[in-house]
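Bear in mind that the values here come from a model prediction, so they are computed numbers and not experimental data.
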Amino acid sequence: MPKMIVSIDGVVIKEVQLTKDRTTLGRRPYNDIVIDNLAVSGEHAVLQMTGNEVYLEDLNSTNGTYVNGKAVKKQLLQNSDTVEIGKYKIKYVNEVAGPTFEKTMILKAGAVMPPIAPPPVAAGASPAAAQAADLGHVNATIKVLSGAAAGREVPLVKVVTTIGKPGVAVAAITKRPHGFVVAHVEGSNKPTINGAAIGAEPVTLKNGDLLELAGTQMQFVQA
């Protein structure tokens, strides 16, 4: 199934599966793909899917729509094409995803997180070995401190984990080789880290950092 992977400054912030014949992209919250940035028009572009083909059409946007660096009005997208809107890059992936991208996991306010299956453990392994195998694949977690989901822990095992409440405040935590960073993705209610507002520029997370997003308090815990 084709999908669009949105990033800014090399940080992936969201991944959207194209499941409808018509998928709209723009700054307004009613779009299917919302990019809350002034460089993006309210109704910027539309993705039209016919069979297994996806056409990108610019909707007379203010700053234009580019594919692989070239301004376009309407174009058939090819696998791995990069759509550019302002500072945002949107990679088009059809059927086969690149190895560096993983599906995002969204935590809505008050949502119940599904259990995460531990990796297999060799038969006859000791309980200590089983516990080590269970924890060894998790480098860090987000612990929810308030709200309906208080006490829950979200393992940061994906390349990108988006947290928050769509339409109110959403942040993206990205796993990098040497740690984790967090950035504001969308919504007028900016998240905070240790009381300071987080912008679009990624901020490095440290063990024990306190995040607040859409009225929910969370803590970043790194093993």
Flag, side chain of Asn37 to backbone of Ala39, donor-acceptor distance under 3.5 Å: yes
Main-chain N/O of Pro202 paired with His184 side-chain donor or acceptor, under 3.5 Å: no
Test log, rule side-chain contact (heavy atoms from CB on, under 4.5 Å), inputs Leu56 and Asp81: CA-CA 11 Å; Leu56 171 70; Asp81 274 352; over 6 Å; no
Leu210, Thr204, Leu205 screened by side chain to side chain contact (heavy atoms under 4.5 Å, CB included) with Ile193, the one that passes: Leu205
From Val46, Val40, Leu47, residue fulfilling side chain to side chain contact (heavy atoms under 4.5 Å, CB included) relative to Ile33: Leu47
Minimum-distance pair of heavy atoms, taken over all atoms of His44 and Ser61: NE2-OG, 3.2 Å
Over all atoms of both residues, closest heavy-atom pair of Val34 and Arg27: CG1-O, 3.7 Å
Audit row: Val83, Val72, side-chain contact (heavy atoms from CB on, under 4.5 Å) steps and yes/no: CA-CA 10 Å; Val83 180; Val72 301; over 6 Å; no
Closest contact, heavy atoms only, Thr23 versus Asp32: CA-OD2, 3.4 Å
Steps toward side-chain contact (heavy atoms from CB on, under 4.5 Å) verdict (Thr192, Leu211): CA-CA 6 Å; Thr192 64; Leu211 300 169; over 6 Å; no
Lys206 atom NZ, over 12 foreign heavy atoms within 6.0 Å: no
From CA spacing to verdict: side-chain contact (heavy atoms from CB on, under 4.5 Å), Leu213, Met218: CA-CA 8 Å; Leu213 189 63; Met218 294 164 277; 3.6 Å; yes
Sidechain-backbone polar pair: Asn31 side chain, Gly42 backbone, donor-acceptor under 3.5 Å: yes
Side-chain heavy atoms of Thr174 within contact of Val12, under 4.5 Å: no
